[in-house]
> 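Dumping the structure here so I can ask a few things about it.
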Amino acid sequence: MRKTIVAGNWKMNKLPSEAAALIADIRKATNDGDCGVEVVVCVPFTAIPAAAEALEGSSIGLGAQNMHWKASGAYTGEISADMLKDLGVQYVILGHSERRQYFAETDETVNLKLKAALAAGLTPIVCVGETLEERETGKMQDVIVRQVTEDLAGCQEDFEKIVIAYEPVWAIGTGKTATSTQAQEVHALIRATLAKMNPAQAEKVRIQYGGSMKPENAGDLMAKPDIDGGLIGGAALVAASFAAIVEAGK
Ligand code: 13P
């Protein structure tokens, strides 16, 4: 039985004081995250210390949205896994489509980051997903299989520690959600790809859906057999809607 995991990806939103206020509201709305669902907030780097303090005594996990794969060195502007760990971070989003699209992240760098995150004991949330053009030209399956195979290469023995998020790029921030049937089809493809790499652990990997997930569609999506939670953008910035999605995941 896989435990449902609902994570908020706050993206580039919230000053530290605003993050603390939002977390206080999320704590109230989710019984401090003690609700049978794994609840996580992935905040901007600058809000991490305030968020860590605001989360103290709750069961809500703290995540970052990116990291570098090297431990230290001349990498101006970058943040290492140990730097995150030292601040109390437990999760890290890797390979989000916005990073692939705007910051030239590749399957190769996602793979390097994944290995570094696992080595540091962070729980990685690896994002995969096709663009609209790729879907419309019949390349969705190839893209998903390539991303899963290359992003997770060499990490087969650690599959159960990895969370995958299927985020169709065309559904992110557009209000257009994949139907639960469309999403389940891709989630099953992801799991089948994992099973080829390590049959013993594929069933243990949690696969979240992300892309305009809202209280209204969350229950339908998470009821599907291979959809084990959600990675929430816009709706995670409002405590009531984030909590309603958590509720739907029970
Ligand atoms: P939205 O929920 O705003 O579509 O964003 C999804 C996302 O990118 C989560 O990582």
Side-chain angles (χ1 to χ4, degrees), residues 2 5 7 9 40 42 63-73 75 78-85 89-131 133-135 137-169 172 183-211 226-229 231:
R2 298 183 291 268
I5 174 166
N9 174 8
V40 180
C42 300
Q65 303 169 14
N66 182 32
M67 53 169 258
H68 196 266
W69 60 90
K70 291 279 192 179
S72 63
Y75 301 100
E78 293 293 328
I79 304 275
S80 73
D82 280 348
M83 293 173 180
L84 297 177
K85 285 281 287 186
V89 171
Q90 301 141 301
Y91 300 79
V92 62
I93 297 173
L94 299 175
H96 191 281
S97 63
E98 286 150 14
R99 297 216 53 88
R100 295 179 192 255
Q101 208 178 333
Y102 307 133
F103 304 99
E105 205 150 298
T106 63
D107 291 317
E108 193 187 352
T109 58
V110 174
N111 181 249
L112 290 169
K113 291 178 182 198
L114 175 59
K115 288 173 176 159
L118 288 167
L122 291 166
T123 298
I125 300 177
V126 179
C127 302
V128 299
E130 82 287 1
T131 63
E133 195 207 335
E134 287 162 345
R135 177 166 277 263
T137 53
K139 297 194 193 107
M140 179 273 282
Q141 302 206 351
D142 288 349
V143 170
I144 297 296
V145 170
R146 187 204 75 223
Q147 289 179 339
V148 172
T149 309
E150 294 186 9
D151 295 359
L152 276 65
C155 301
Q156 281 85 335
E157 295 315 312
D158 288 317
F159 271 6
E160 59 195 310
K161 298 177 191 155
I162 300 172
V163 177
I164 295 182
Y166 168 55
E167 299 207 313
V169 178
I172 296 176
Q184 167 58 27
E185 183 196 352
V186 184
H187 282 235
L189 172 65
I190 293 170
R191 202 175 301 287
T193 309
L194 295 171
K196 279 192 193 146
M197 299 169 75
N198 183 349
Q201 285 193 25
E203 286 298 321
K204 295 182 184 161
V205 179
R206 289 171 305 165
I207 309 175
Q208 300 173 310
Y209 169 80
D226 288 296
I227 304 184
D228 309 309
L231 184 58

> Under the 3.5 angstrom rule, does the side chain of R135 hit a backbone N or O of P168 as a donor-acceptor pair?
no
> Quick one: list whatever passes ring-ring contact (aromatic ring centres under 6.0 Å, His included) with H96, sequence neighbours left out.
none
> Sequence neighbours left out, what passes salt bridge (Lys or Arg N to Asp or Glu O under 4.0 Å) with E105? Give chain and number order.
R99, K113
> Using the rule given for side chain to side chain contact (heavy atoms under 4.5 Å, CB included), can you reason through C127 versus L94, listing the C-alpha separation, both sets of side-chain angles and the distance that settles it, and then say yes or no?
CA-CA 6 Å; C127 302; L94 299 175; over 6 Å; no
> A120 and A81: which non-hydrogen atoms are nearest, and at how many Å?
CB-CB, 3.6 Å
> Does the salt bridge (charged side-chain N to carboxylate O under 4.0 Å, His left out) test come out yes or no for D82 and K70, once each step is laid out?
CA-CA 10 Å; D82 280 348; K70 291 279 192 179; over 6 Å; no
> Does a side chain donor of either Y166 or E130 reach within less than 3.5 Å of an acceptor in the other side chain?
yes
> Answer whether the closest heavy-atom distance between the side chains of M83 and V89 falls below 4.5 Å.
no
> Answer yes or no: is there a donor N or O on one side and an acceptor on the other, between the side chain of Q201 and the main chain of E157, under 3.5 Å?
yes
> V126 and V163: side chain to side chain contact (heavy atoms under 4.5 Å, CB included), yes or no, with the steps?
CA-CA 6 Å; V126 179; V163 177; over 6 Å; no
> When you compare the side chain of N111 with that of K115, does any pair of heavy atoms fall below 4.5 Å?
yes
> Could you give me the CA-CA distance, side-chain angles and deciding distance for Q90 and T123, then say whether side chain to side chain contact (heavy atoms under 4.5 Å, CB included) is met?
CA-CA 6 Å; Q90 301 141 301; T123 298; 5.8 Å; no
> With side chains defined as the heavy atoms from C-beta onward, is the minimum distance between K204 and F159 less than 4.5 Å?
no
> Is a side-chain N or O of Y102 found less than 3.5 angstrom from the main chain of A104, in a donor-acceptor match?
no
> Any salt bridge linking K161 with D158? Criterion: basic side-chain nitrogen under 4.0 Å from a carboxylate oxygen.
yes
> Out of curiosity, I227 CD1 to H187 NE2, how far, rounded to the nearest 0.5 Å?
4.5 Å
> Side-chain contact test, heavy atoms from C-beta onward, threshold under 4.5 Å: evaluate it for L194 versus E203 and give yes or no.
no
> Taking R206 for the side chain and I5 for the main chain, is one N or O donor matched with an acceptor at less than 3.5 Å?
no
> Are side-chain heavy atoms of E167 and Q208 found at a separation under 4.5 Å?
no
> Verify, without hydrogens or angle tests, whether Q147 (side chain) and G129 (backbone) share a donor-acceptor contact under 3.5 angstrom.
yes
> Has E134 got a side-chain atom pairing as donor or acceptor with T131's backbone, closer than 3.5 angstrom?
yes
> Side-chain contact test, heavy atoms from C-beta onward, threshold under 4.5 Å: evaluate it for T193 versus I144 and give yes or no.
no
> Under a 3.5 Å distance rule, please check whether Q65 uses its side chain to pair with a backbone N or O of N9 as donor and acceptor.
no
> Within a reach of under 6.0 Å around CD of E150, are more than 12 heavy atoms found that belong to other residues, nucleotides or ligands?
yes
> For the residue pair A117 and P124, what are the closest heavy atoms and their distance?
CB-CB, 4.4 Å
> Just verifying a value: how many Å separate T109 OG1 and N66 CG, rounded to the nearest 0.5 Å?
9.0 Å
> Please determine if R146 and D151 form a salt bridge, counting it only when a charged side-chain N lies under 4.0 Å from a carboxylate O.
no
> Please report the C-alpha distance between R100 and T106 in whole Å, then the side-chain angles of each, then the deciding distance to 0.1 Å, and finally whether the side chain to side chain contact (heavy atoms under 4.5 Å, CB included) criterion is met.
CA-CA 6 Å; R100 295 179 192 255; T106 63; over 6 Å; no
> Answer whether the closest heavy-atom distance between the side chains of I162 and L118 falls below 4.5 Å.
yes
> Using a 3.5 Å distance criterion without hydrogens, assess whether the side chain of D228 forms a donor-acceptor pair with backbone atoms of I207.
yes
> Looking at every heavy atom in both G95 and V110, which two are closest together, and how far apart are they?
CA-CG2, 3.6 Å
> Look at the side chain of Q184 and the backbone N and O of D226, then say whether any donor-acceptor pair between them is shorter than 3.5 Å.
yes
> Within a strict 4.5 Å, meaning less than it, do heavy atoms of the L231 and I93 side chains meet?
yes
> Got a donor-acceptor contact below 3.5 angstrom from the R191 side chain to the V205 backbone?
yes
